[in-house]
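Every value quoted in this text rests on a predicted model; they were computed, and no experiment measured them. Both ligands and their constituent atoms are indexed starting at 1 by order of listing. These numbers come from the heavy atoms of this one structure, side chains and all, not from hydrogens, waters or symmetry mates.
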Amino acid sequence: MNIISGKELSARLREEMAAQIPSLEEKYGRKPNLTVILVGENPASQSYVRSKAKAAVAIGMTSSTVTLPEQTSEAELLELIAKLNEDDAVDGILVQLPLPKHIDEDKVIDAISYEKDVDGFHPMNVAALWLGQPCIVPCTPKGCIEMIESTGVGIAGKKAVVVGRSNIVGKPVAKLLLDKNATVTIAHSRTADLGAVTREADILVAAVGRPLMITGDMVKPGAVVIDVGINRLEDGRLVGDVDFESAAPVAGYISPVPGGVGPMTITMLMKNTIQCFETRMQNK
Ligand code: GUN
């Protein structure tokens, strides 16, 4: 069994990007900027937002974080987004999810200019992804593909099973695997005999959000296993959707939690910010 270290792969990719920023600055007169909006005080969200801003600065981009109180109205948030859409110095806008219950997430995502939508969540980007057109690809699915490709195991012709059907991970990662010519099955919480389905998978992506749900007996020997889950257990332990202990001896390649998909998501956010910057600069 081989461990797919998202941490190490991220470090390499971030170094490459850091080397690229000075030439972008020289060419276009400024550095790419990522602006992150956080509404409320969810501790997990606060930690993610800090990591995103820190990563941006570490590779030589500029980053701004706008922190708004929990009781911020939907109208106020939409007004801020409209302002950032118009701001020429802002290349990427990310609104950290989840938002407080009184704010309609769909409305907020719709309001972000699709050209600055570094998350790839805007309906224009989602449509373009499914139509096979140029778009901004969501960070976590993009990171999963990079991790699978880093193993050297080819995707074309393989059976891929994605467990989970969210808009953020399950659905887009299935489309990306399809684009790489895998035969793709999307399984979920209502799939009958899930183990029988996952045992067929040469490539298994677990993105259900249920701690330790995928056990070793559900993994095909030698499979590539990507664990997207980040779950906090009652004892404080951070675990994935895959039971690493029982799955690792069976898998050919497996990503750990932490140190797997998490850092790759942030690395792909950096890539998307550079993409948004270059696209806007070239279209000026
Ligand atoms: N919350 C959990 N994952 C994500 C993500 O990828 N982007 C944003 N904006 N919020 C999230």
Side-chain angles (χ1 to χ4, degrees), residues 6 10 33-56 63-68 70 72 74 77-78 80-81 84-85 90-101 103-126 129 135-147 162 164-176 205-211 226-232 238 240-241 257-258 260-273 275-276:
S10 274
N33 169 271
L34 172 66
T35 296
V36 181
I37 304 172
L38 172 64
V39 185
E41 289 173 4
N42 178 324
S45 292
Q46 285 174 329
S47 153
Y48 293 140
V49 164
R50 269 196 305 272
S51 303
K52 290 168 184 179
K54 212 172 114 186
S63 159
S64 344
T65 302
V66 185
T67 312
L68 300 171
E70 178 83 21
T72 302
E74 187 179 281
L77 180 57
L78 294 174
L80 170 64
I81 291 169
L84 295 172
N85 284 341
V90 173
D91 302 295
I93 303 171
L94 181 144
V95 179
Q96 185 64 30
L97 303 177
L99 287 168
K101 288 200 170 40
I103 300 178
D104 182 341
E105 281 185 0
D106 288 342
K107 241 190 196 173
V108 170
I109 291 166
D110 274 10
I112 299 170
S113 160
Y114 72 88
E115 292 172 308
K116 297 189 177 187
D117 169 37
V118 281
D119 265 325
F121 292 168
H122 191 282
M124 284 281 282
N125 282 311
V126 177
L129 176 71
C135 63
I136 300 157
V137 176
C139 306
T140 302
K142 189 166 166 165
C144 291
I145 299 294
E146 291 266 354
M147 291 170 82
V162 178
R165 51 177 153 178
S166 69
N167 290 331
I168 295 185
V169 186
K171 281 187 269 189
V173 83
K175 175 61 168 72
L176 295 177
V205 179
V208 256
R210 290 199 187 183
I226 304 293
D227 189 353
V228 181
I230 300 179
N231 310 285
R232 182 77 64 180
L238 202 62
D241 292 350
V257 175
V261 173
M264 285 300 285
T265 294
I266 296 178
T267 301
M268 295 303 116
L269 175 64
M270 302 302 114
K271 270 203 183 289
N272 283 354
T273 306
Q275 183 189 334
C276 288

Any protein heavy atom lying closer than 4.0 Å to atom 9 (N) of ligand 1?
-> yes
For V95, the ligand 1 atoms with a heavy-atom partner under 4.0 Å come out as 8 (C), 9 (N)
min-distance protein heavy atom vs atom 7 (N) of ligand 1 -> D119 OD1, 3.0 Å
Can you list the atoms of ligand 1 that are under 4.0 Å from a heavy atom of L94?
-> 9 (N)
Flag the pair F121 / L97 as yes when at least one side-chain heavy-atom distance between them is below 4.5 Å, and no otherwise.
-> yes
Ligand 1 contact by F121, heavy-atom criterion under 4.0 angstrom | yes
May I ask you to identify, for T265, whether its side chain, its backbone, both or neither come under 4.0 Å of ligand 1 on a heavy-atom basis?
-> neither
Could you tell me whether the side chain of Q275 and the main chain of V118 form a donor-acceptor pair under 3.5 Å?
-> no
Would you mind checking which non-hydrogen protein atom is closest to atom 4 (C) of ligand 1, with the distance to 0.1 Å?
-> Q96 NE2, 4.4 Å
Identified side-chain contact (heavy atoms from CB on, under 4.5 Å) partner of L78 from the options V108, D110, D104 = V108
Result for side-chain contact (heavy atoms from CB on, under 4.5 Å) between V95 and one of I103, D117, I109, I81 points to I81
Taking heavy atoms and a distance under 4.0 Å, where does L97 meet ligand 1: side chain, backbone, both or neither?
-> both
NZ of K171 to CG of L129: how many Å apart, nearest 0.5 Å?
-> 12.0 Å
Taken in chain and number order and not counting sequence neighbours, the residues that satisfy side chain to side chain donor-acceptor pair (under 3.5 Å) with D227 are none
